[in-house]
Amino acid sequence: MPEALLIPPPGSAANTVVARPSLQAIGLTKEYGSVRAIENLSFTVARGEIVGFLGPNGAGKSTTMRIFSGLLAATSGRAYVAGIPVAKSPDEAKRRLGYMPEHNPLPDDMRVAEYLHLRARLKEVPRKKAKARVEEVLEMCGLQHKTRRKLIGTLSKGYRQRVGIADAILAEPEVILMDEPTIGLDPHQILSIRRLIDSLRGRLTVLISSHILPEIEMCCDRVMIINQGRLVAVGTSASLRRELLTRSEWRVRLKGDVATFEQLLPEVHAGLRLAACSAVDSDGFVEIRLEGPANEPGLGENLLTAVTRRGSWRVREIAFVEPGLEQIFLAATKQGEDTLAPFARKYK
């Protein structure tokens with residue numbers, strides 16, 4: 001069975017052996033008339049990785065997933081699932097992949113276990129193995145006991161999502177695609193789905209599209225950010241913070257004259273400024289938000305030294321505010337900024 005030719009990393013030797021990725025896109029483009037939904041996407045997802053696939057509405061996430069699942073043909077480029085070209089061998093590629101769409105078309109009039117037994121037959125799970133496999137995914141997804149006998153139409157949204165995940169992993173595919181698996185769920189349901197996804201780590205390759213950025217940051221090894229059909233950023237949260245964010249934020253809680261404190265800031269660093277200040281609380285303290293340059297070593301220590309040297313304030317806290325994935329997402333997808341173009345060229 002032919003496998004995809006891998007794109008060697010820059011500077012690598014021609015004869016370097018690279019492990020086959022579970023997902024690979026090479027120059028994927030999809031056009032709807034004069035509109036390009038995705039443009040020249042190229043990326044790989046390694047075996048066992050959990051990767052978040054992020055982007056604004058209409059960025060091309062669902063289009064990309066539908067191409068990998070064989071439900072949509074690309075205008076140009078190649079998509080591989082477990083080394084199998086989706087366009088040339090769609091049936092074989094589908095056997096290696098489980099797909100959970102955003103709006104999962106589950107039958108309301110079937111019971112959970114009954115539905116999964118039917119899906120096992122459709123997915124060609126061997127008869128001798130099907131019963132044990134259904135029981136295994138029922139347990140993995142928390143659908144055993146009473147839930148297994150319930151009609152799917154009577155289930156909450158969270159349990160319907162569990163059924164969708166159980167269906168996706170039923171045939172033990174190498175790759176799972178999940179399009180908005182936690183949309184519409186309450187915090188408890190989101191936590192249970194996150195734990196379920198985390199249990200797949202290292203066993204299956206998972207590509208997750210979601211707008212719930214804290215969940216993506218907690219459960220994914222890497223993120224890929226797409227905007228206007230192009231890949232604009234790829235990496236871990238930590239690497240993208242260093243690459244995309246040019247400002248840092250600090251939180252200071254102190255008691256004393258704020259105006260004098262603000263005058264101190266240029267002595268610590270020329271780029272440090274007061275961004276916001278709260279009202280005085282019942283203990284006489286205020287919370288101050290500072291903005292400064294990113295990746296500036298020793299800034300916190302210098303600030304602490306300067307404040308304690310003056311001795312005119314009572315300081316309760318000086319803390320670096322770790323930027324979340326939301327700030328990274330906004331920086332990567334900001335339209336009309338000159339800073340976006342280099343990233344678009346880099347990952348194009």
If I compare all heavy atoms of P56 with all of N227, which pair ends up nearest, and what's the gap?
CG-OD1, 3.5 Å
Say you draw a straight line from CG of L231 to OG of S42; how long is it, rounded to the nearest 0.5 Å?
8.5 Å
Ring-face cation contact, F285 with R253, 6.0 Å cut, 45° max:
no
Using the rule that two of Ile, Leu, Val, Met, Phe, Trp, Tyr join whenever any of their side-chain heavy atoms come within less than 4.5 Å, decide whether L151 and L155 are in one cluster.
no
Sequence-distant partners of Y159, ring pair (Phe, Tyr, Trp, His ring centres under 6.0 Å), two or more places apart:
none
How about E31: does its CD atom have over 12 heavy atoms from other parts shown lying under 6.0 Å from it?
yes
What's the verdict on side-chain contact (heavy atoms from CB on, under 4.5 Å) for L207 and I176, showing C-alpha distance, side-chain angles and the deciding distance?
CA-CA 6 Å; L207 183 66; I176 303 293; over 6 Å; no
Working to the nearest 0.5 angstrom, can you tell me the gap between I193 CD1 and I190 CD1?
9.5 Å
Using the rule that two of Ile, Leu, Val, Met, Phe, Trp, Tyr join whenever any of their side-chain heavy atoms come within less than 4.5 Å, decide whether V321 and L299 are in one cluster.
no
Closest approach of L290 and L265, non-hydrogen atoms and distance?
CD2-CD1, 3.8 Å
Hey, does V307 have a side-chain heavy atom less than 4.5 Å from the side chain of W313?
yes
R96 with D91: basic N within carboxylate O range, under 4.0 Å
no
What's the verdict on side-chain contact (heavy atoms from CB on, under 4.5 Å) for L191 and R194, showing C-alpha distance, side-chain angles and the deciding distance?
CA-CA 5 Å; L191 179 60; R194 185 208 307 164; 3.6 Å; yes
Minimum side-chain heavy-atom gap I328-L245 below 4.5 Å:
yes
What I want to find out is whether R148 reaches E135 closely enough, with some N-O distance under 4.0 Å, to be called a salt bridge.
yes
Walk me through whether N40 and T29 qualify under side-chain hydrogen bond (donor to acceptor under 3.5 Å, both in side chains).
CA-CA 5 Å; N40 198 29; T29 297; 5.2 Å; no
Going by heavy atoms in the side chains, are K30 and I67 under 4.5 Å from each other?
yes
Is the shortest heavy-atom distance from the side chain of T236 to the side chain of S239 under 4.5 Å?
yes
Measure across S210 and L54 and return the closest heavy-atom pair with its distance rounded to 0.1 Å.
O-CD2, 3.4 Å
Could you tell me whether R241 and E322 have a side-chain N and a carboxylate O separated by less than 4.0 Å?
yes
Checking salt bridge (Lys or Arg N to Asp or Glu O under 4.0 Å) for the pair R160/D108: CA distance, chi angles, key distance, verdict?
CA-CA 10 Å; R160 289 177 68 91; D108 290 343; 3.0 Å; yes
Return yes when atom NZ of K88 has more than 12 non-hydrogen atoms of other residues, nucleotides or ligands closer than 6.0 Å, and no otherwise.
no
Separation between CG of L254 and CZ of F261, rounded to the nearest 0.5 Å
5.5 Å
Is M218 reachable from I197 through a run of I, L, V, M, F, W or Y residues, each pair having side-chain heavy atoms under 4.5 Å apart?
no
Criterion side-chain contact (heavy atoms from CB on, under 4.5 Å) on Y99 and M65, from CA distance to verdict
CA-CA 8 Å; Y99 179 44; M65 286 191 162; 4.2 Å; yes
4.5 Å side-chain heavy-atom contact, P21 and V45:
no
Check against side-chain contact (heavy atoms from CB on, under 4.5 Å), H211 and N57:
CA-CA 9 Å; H211 284 100; N57 289 332; 3.0 Å; yes
Rounded distance (nearest 0.5 Å) linking atom OG1 of T75 with atom CD of E39:
11.5 Å
Do the side chains of R20 and E174 get close enough for a salt bridge, i.e. N-O under 4.0 angstrom?
yes
Looking only at heavy atoms, the pair that brings A233 and A332 closest together is CB-CB, 4.1 Å
Using 4.0 Å as the upper bound for N to carboxylate O, is an ion pair formed by R201 and D198?
yes
Cluster check V163, M140: I/L/V/M/F/W/Y, side chain < 4.5 angstrom
yes
E215 side chain to T182 side chain, donor-acceptor N/O pair below 3.5 angstrom
no
Heavy-atom closest contact (T63 atom, A37 atom, distance):
OG1-CB, 4.0 Å
I'd like to know if I183 and L177 are part of one continuous hydrophobic network [Ile/Leu/Val/Met/Phe/Trp/Tyr, side-chain heavy atoms within less than 4.5 Å].
no
State whether R310 and E267 are salt-bridged, where the test is any N-O pair (Lys NZ or Arg NE/NH1/NH2 against Asp/Glu carboxylate O) under 4.0 Å.
yes
Parallel, tilted or perpendicular: ring planes of F53 versus F43, cut at 30 and 60 degrees:
tilted
Rounded to the nearest 0.5 Å, how far does CE of M100 lie from CE of M178?
6.5 Å
CD of E262 to SG of C277, rounded to nearest 0.5 Å, is 9.0 Å
Carboxylate-amine/guanidinium proximity below 4.0 Å for R47 and E49:
no
Given side chains that start at C-beta, do those of C220 and I50 come closer than 4.5 Å, heavy atoms only?
yes
Which atom pairs, donor and acceptor, lie under 3.5 Å between side-chain atoms of residues 121-130 and protein residues at least two apart or in another chain?
unit_1, atom_1, unit_2, atom_2, d
K123, NZ, D167, O, 3.3
E124, OE1, R95, NE, 3.0
K129, NZ, E172, OE2, 2.6

All heavy atoms of L143 vs all of A166, minimum pair found to be CD1-CB, 4.1 Å
